[in-house]
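The structure appears below as C-alpha cells.
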Amino acid sequence: MSENVVHLHKPTDPPTPDTAPTVLTVVPDAPPAPPVPLWVRSGRAVKTAATHETTRATMRSAARHSLYTLNGSRIVARRAWDGRTGSRYERMIRAAEAAGNLEAAEEWEDRLQRFRAARHHRRMDLLHSPAEAAKGVAVGAGMSIGVLVALGVVMALNTGHVSDVITPLSATVDFIALLIGIVQVVWGPALSIGPLLALFALWSVGRKQQAAPNWALPANVRSGEGEPITPSIVVKALRDLGVPALRNAIKEMGDAGASMLGPIRIAGCGVEVDVTLPSGVSTNEVQGKRRKLAENLTRHEHEVFITIPQAARTVRLWVADSGALDEPIGPSPLVTDDTMTADYAKGRAPWGQDLRGDAAALSLYQRHLLITGLSNQGKTVALRSLALWLALDKSVQFLMGDLKGVGDWKMFDGLATTLIQGPTDEHVIQVTEMVEGAVDEMNRRIQAPPGTVFPPLIVLVDEAQVAFMCPAKDAEKRPYGGSKANSRYFMAVRKIHNQGRAVNVLMWQGTQDPTNENLPKLVREGAHTRASLALGTESQARMALGDKAVDGGAAPNLLRPGLDRGTLVVASDGITIPAGQSSITVRTHYIDDDAAKAITDRAKALRDGVTTLHAIEREEEHDALADIAAVIGDATRVRTKDVLARLATRNTDAYGGWSFIDLKRVLDDAGAEPYKSDGVMVVSRDRVARALANRDGDGSASTDG
C-alpha cells in the first residue's frame with residue numbers, strides 16, 4: 001500500500017483562540033511505477049553484455065586465434081602438396097600463358113618434366129629398398145657383433161679373464177635396454193604434448209600470414225595505415241576487387257598472380273606499378289572500382305590514381321604513402337627566388353609539383369587557358385600564379401577582368417593595361433567591351449605586314465561564368481551573356497580562340513562549377529590548356545577536361561573539396577605528361593596576397609610604368625536608326641551602298657568601318673529590312689520612319705556605341 005502524506009492547514013478566516021482547529025487533509029501519494037519484469041531486466045543485461053566492447057574484443061580474439069590454427073593447417077597442407085606434386089609448376093605455366101610469356105611457360109614446363117622424372121626415379125628405388133635395407137641391417141648387425149666380440153677377446157687377453165669376452169656385447173645390450181626404458185617413460189607425455197605442439201606450429205603459421213578475416217584482426221593490423229605496397233598486396237587487392245573474370249584468372253595463377261605486375265617503382269611520395277590485366281578483363285572495369293581498390297590497398301580513395309598507359313590491357317596504379325598527400329608542398333620559386341624572370345616564348349611557369357614530387361612547369365606560349373572547379377578550391381590562386389610568373393616578362397601586356405571583385409587581382413593595378421573589378425552587370429558590360437577591344441587589336445595585328453612581331457597580349461577573365469550568365473542586353477537588343485551567335489561576350493571569346501594564337505593574343509578564363517549554361521562547349525574546347533580542381537560529378541569533369549582526358553583516367557570529380565584545395569588535373573601539351581597518359585595531377589604552390597604583391601612590385605620595376613584603366617572609355621553614343629533616317633532625307637528609297645557612304649561622311653568614327661552586314665543588322669532589328677528594287681538593295685524611307693515611330697511609341701531608344 002502506498003504511503004499517505006498528511007498536510008496541516010489553517011482555516012481561511014482569522015482564527016480565534018477558541019475556534020482555531022487544526023485542519024488535517026490526507027492527500028494520497030501517486031501510485032508507484034509497476035516493477036520491471038525480470039525477463040526484461042535479464043534481456044537488457046544480456047544485450048549490454050553482448051554489445052560491450054570487452055565482449056566483442058574477446059569474441060574477435062577467439063575467432064582470430066581459431067582461424068589462425070585452421071587456416072595455418074590449410075597453408076601447411078598446401079605447401080606439403082606443392083612439395084610432393086607438380087602443382088606449383090603447373091600454376092607457373094598457367095600464369096606465364098595468361099601473361100603471354102611463352103618462353104617462361106616452356107621453361108617451367110621443362111622444370112616440371114625434370115621434377116616428374118626425379119620423382120619417378122625415387123619411387124622405383126623404393127621398390128628395391130626393403131630387401132636392400134634388410135641386407136644392410138643384417139650385414140651391419142653382423143659386423144657390429146663381430147667388432148664387439150673382437151673387442152672382448154682383446155680385453156680377455158689383457159685381463160686374463162675369459163668372461164671379459166662378452167663384456168662389450170653385454171654393455172651394448174644394457175645400453176639399448178636403457179634407451180628403451182627412457183622411451184617408455186617419455187612416450188606417454190610425448191603423445192599428450194605432441195598434438196599441442198603441432199597445433200601451436202599451425203597457429204604460428206596462420207598468425208604470421210595473418211590468415212583471418214579483416215574484422216577479426218587487431219585494430220592496428222586491421223587499419224593497415226602505412227603498410228608498404230608489395231606484389232602480394234597488389235595481387236590480393238585486385239583479386240578482391242569484385243571482377244569475376246579477374247578473380248578467376250588470379251585464382252588459376254595462384255601465388256604467381258604477381259606475374260601480372262611490372263616493377264614496383266618509387267614515384268615521389270608513393271609507388272607506381274603497371275598491371276597487365278588477364279584476357280577478358282577491361283581497363284575500365286578496374287577504373288570504375290577505384291575506391292574499393294584503394295581500400296583493398298589500405299589507402300584512402302584520394303591516395304590511389306589509376307591511369308591508362310600505352311600498353312594494351314594495362315592499368316598504371318600510383319599509390320601514395322599513407323597521409324603523404326595531406327602534407328603541404330613547399331613555397332613557389334617565385335617567392336623564394338627574388339632574381340627569377342620569365343620568358344613567354346621559351347620558359348615554363350613553376351606551377352607546383354606532380355604526384356611523384358617532381359616540379360610541374362607549364363608552357364604558356366600561344367596557348368589559350370581554362371581553369372575551372374568548385375568554389376573556394378584555389379582556382380584564382382592557381383590562375384594568378386601563372387599571371388605572376390608571366391608578369392616578370394616585361395614584354396607581356398595584360399587586359400584583366402575580375403568579375404568577383406573582392407581584390408584578388410588588385411596587385412596588378414599599375415601592371416595591367418586594363419583592370420576591371422566587380423560582379424555587377426555593368427562590370428560584365430565593361431569586361432565584354434574589353435574583350436571586344438582585344439578582338440579589334442587582334443584584327444589589326446592580322447592585317448599587319450607578314451613577319452611583324454607582336455608582344456604577347458593576355459586577356460584574362462576570372463569568374464567568367466558571371467559573363468556567360470549575364471542577362472543584360474545592349475541598345476540593339478543583343479545579349480552580353482549566353483552562347484548564341486549574337487551573344488557579345490561569347491562571340492568575342494570565340495573570335496580570339498579562332499585567330500588570336502597566331503598573333504599572340506591569348507584568352508585566359510577561370511570559371512566555377514562548369515555547365516553548358518555557364519561555360520559553353522565551343523569555349524571549353526577552344527582552350528589549349530584545360531585544368532580542373534575538385535568537381536562534383538563526372539559529367540562536369542568531362543566538360544572541364546574533355547572526354548579523352550576522363551576516359552584516360554582524369555578524375556577531378558574524385559578530388560576532395562576543401563581537403564584537396566589547390567590540387568588540379570591538367571590536360572595540356574604545355575606540361576610534361578607521362579607517356580601514354582592524357583592528363584597529370586598537379587599540386588599547385590600557394591602564393592598569398594602579400595607574396596603576390598611583392599612579385600608584382602618586382603614586375604613593375606622591370607617596366608617603364610603602366611597606366612591602368614579601370615573602365616572602358618566609350619565613344620559618344622549615337623542613334624544609328626535616326627542617323628539612317630537623316631541620310632535618306634526625302635528620297636523614297638536609297639541604295640544601301642549610298643546609305644553607307646553617307647553614314648561614313650556623317651560620322652566617320654562611328655560608321656567608317658561599317659559594312660552591309662552592320663547596316664542590315666540595325667535595319668533588321670528595327671523591322672525596316674532592306675529589299676531589292678530593280679536588282680539592287682535599297683533602304684525604304686517609309687520603313688525607317690515607321691520603325692522610328694513604333695520605337696518612340698514604345699518609349700525605347702536605340703543607340704550604337
Using atom types as modelled and distance alone, determine if a side-chain donor or acceptor of [X] lies under 3.5 Å from a backbone N or O of [Y].
{"X": "Thr588", "Y": "Gly566", "answer": "yes"}
{"X": "Arg639", "Y": "Val680", "answer": "no"}
{"X": "Asn651", "Y": "Tyr655", "answer": "no"}
{"X": "Gln430", "Y": "Ile616", "answer": "yes"}
{"X": "Arg524", "Y": "Leu519", "answer": "yes"}
{"X": "Asp592", "Y": "Ala595", "answer": "yes"}
{"X": "Arg637", "Y": "Val682", "answer": "no"}
{"X": "Arg587", "Y": "Gly352", "answer": "no"}
{"X": "Ser487", "Y": "Ala485", "answer": "no"}
{"X": "Arg565", "Y": "Asn376", "answer": "yes"}

With a 4.5 Å cut-off on side-chain heavy atoms, are [Y] and [X] touching?
{"X": "Thr640", "Y": "Lys664", "result": "no"}
{"X": "Leu386", "Y": "Trp508", "result": "yes"}
{"X": "Asn516", "Y": "Ser483", "result": "no"}
{"X": "Ser385", "Y": "His589", "result": "no"}
{"X": "Tyr489", "Y": "Val428", "result": "no"}
{"X": "Asn504", "Y": "Gln366", "result": "yes"}
{"X": "Arg685", "Y": "Val638", "result": "no"}
{"X": "Thr283", "Y": "Ile306", "result": "no"}

In sequence, state the C-alpha distance, the side-chain angles, and the governing distance for Arg646 and Asp627, and then conclude on salt bridge (charged side-chain N to carboxylate O under 4.0 Å, His left out). CA-CA 10 Å; Arg646 295 176 185 179; Asp627 288 345; over 6 Å; no
For [X] and [Y], work out which heavy atoms get closest and say how close.
{"X": "Ala416", "Y": "Val610", "result": "O-CG1, 3.7 Å"}
{"X": "Ile496", "Y": "Leu506", "result": "CG2-C, 4.3 Å"}
{"X": "Gln377", "Y": "Leu533", "result": "O-CD2, 2.9 Å"}
{"X": "Ile371", "Y": "Ala382", "result": "CD1-C, 4.3 Å"}
{"X": "Ala391", "Y": "Ala603", "result": "O-CB, 3.4 Å"}
{"X": "Ala361", "Y": "Ile575", "result": "O-CG1, 3.4 Å"}

Listing request: all salt bridge (charged side-chain N to carboxylate O under 4.0 Å, His left out) pairs with a residue in residues 331-348, at least two apart in sequence or in separate chains. none
Does anything in residues 368-397 form a salt bridge (charged side-chain N to carboxylate O under 4.0 Å, His left out)? List the pairs, not counting sequence neighbours. Lys379-Asp462, Lys379-Glu463, Arg384-Asp593
One thing to verify: whether Lys477 and Asp669 come together as a salt bridge, which I'm taking to mean a side-chain N less than 4.0 angstrom from a carboxylate O. no
Under a 4.0 Å threshold between the charged nitrogen and the carboxylate oxygen, would Lys410 count as salt-bridged to Asp413? no
Set out, in order, the CA-CA distance, both residues' side-chain angles and the distance that settles side chain to side chain contact (heavy atoms under 4.5 Å, CB included) for Val523 and Phe468, then state yes or no. CA-CA 10 Å; Val523 172; Phe468 287 112; 3.8 Å; yes
Start with the C-alpha gap between Asp623 and Leu625, add the side-chain angles, then the distance that decides, and say whether side chain to side chain contact (heavy atoms under 4.5 Å, CB included) holds. CA-CA 6 Å; Asp623 190 335; Leu625 191 60; 3.9 Å; yes
Name of the residue among Ile429, Asp425, Thr424 meeting side-chain contact (heavy atoms from CB on, under 4.5 Å) with His427: Thr424
Hey, could you give me the [atom1]/[atom2] distance between [X] and [Y], rounded to the nearest 0.5 Å?
{"X": "Thr537", "Y": "Arg542", "atom1": "OG1", "atom2": "CZ", "answer": "10.5 Å"}
{"X": "Ser583", "Y": "Arg530", "atom1": "OG", "atom2": "CZ", "answer": "12.0 Å"}
{"X": "Leu522", "Y": "Arg494", "atom1": "CG", "atom2": "CZ", "answer": "4.5 Å"}
{"X": "Leu392", "Y": "Arg607", "atom1": "CG", "atom2": "CZ", "answer": "8.5 Å"}
{"X": "Met442", "Y": "Gln447", "atom1": "CE", "atom2": "CD", "answer": "10.0 Å"}
{"X": "Leu334", "Y": "Leu388", "atom1": "CG", "atom2": "CG", "answer": "6.5 Å"}

Can you name the residues that form a ring pair (Phe, Tyr, Trp, His ring centres under 6.0 Å) with [X], not counting sequence neighbours?
{"X": "Tyr590", "result": "none"}
{"X": "Phe490", "result": "none"}
{"X": "Phe412", "result": "Phe398, Trp409"}
{"X": "Phe660", "result": "none"}

With side chain to side chain contact (heavy atoms under 4.5 Å, CB included) as the criterion, how do Gln540 and Asp513 come out once you've worked through the C-alpha distance, each side chain's angles and the decisive distance to 0.1 Å? CA-CA 7 Å; Gln540 289 180 326; Asp513 195 15; 2.3 Å; yes
Within a 6.0 Å radius of atom CZ on Arg367, are there more than 12 heavy atoms belonging to other residues, nucleotides or ligands?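 Yes - once you tally the heavy atoms of other residues, nucleotides and ligands closer than 6.0 Å, there are more than 12.
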Could you tell me whether the side chains of Ser282 and Asn284 share a donor-acceptor contact shorter than 3.5 Å?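 Note: Ser282 and Asn284 side chains meet the donor-acceptor criterion.
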For residues Asn694 and Arg690, is any side-chain donor paired with an opposing acceptor at under 3.5 Å?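 Side chains of Asn694 and Arg690: no pair found under 3.5 Å.
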Taking the cut-offs as 6.0 angstrom to the six-membered ring centre and 45 degrees off its axis, would you call Arg501 and Tyr365 a cation-pi pair?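 That pair does not qualify as a cation-pi contact.
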Full working for side chain to side chain contact (heavy atoms under 4.5 Å, CB included) between Leu667 and Val688: CA-CA 8 Å; Leu667 294 174; Val688 174; 4.2 Å; yes
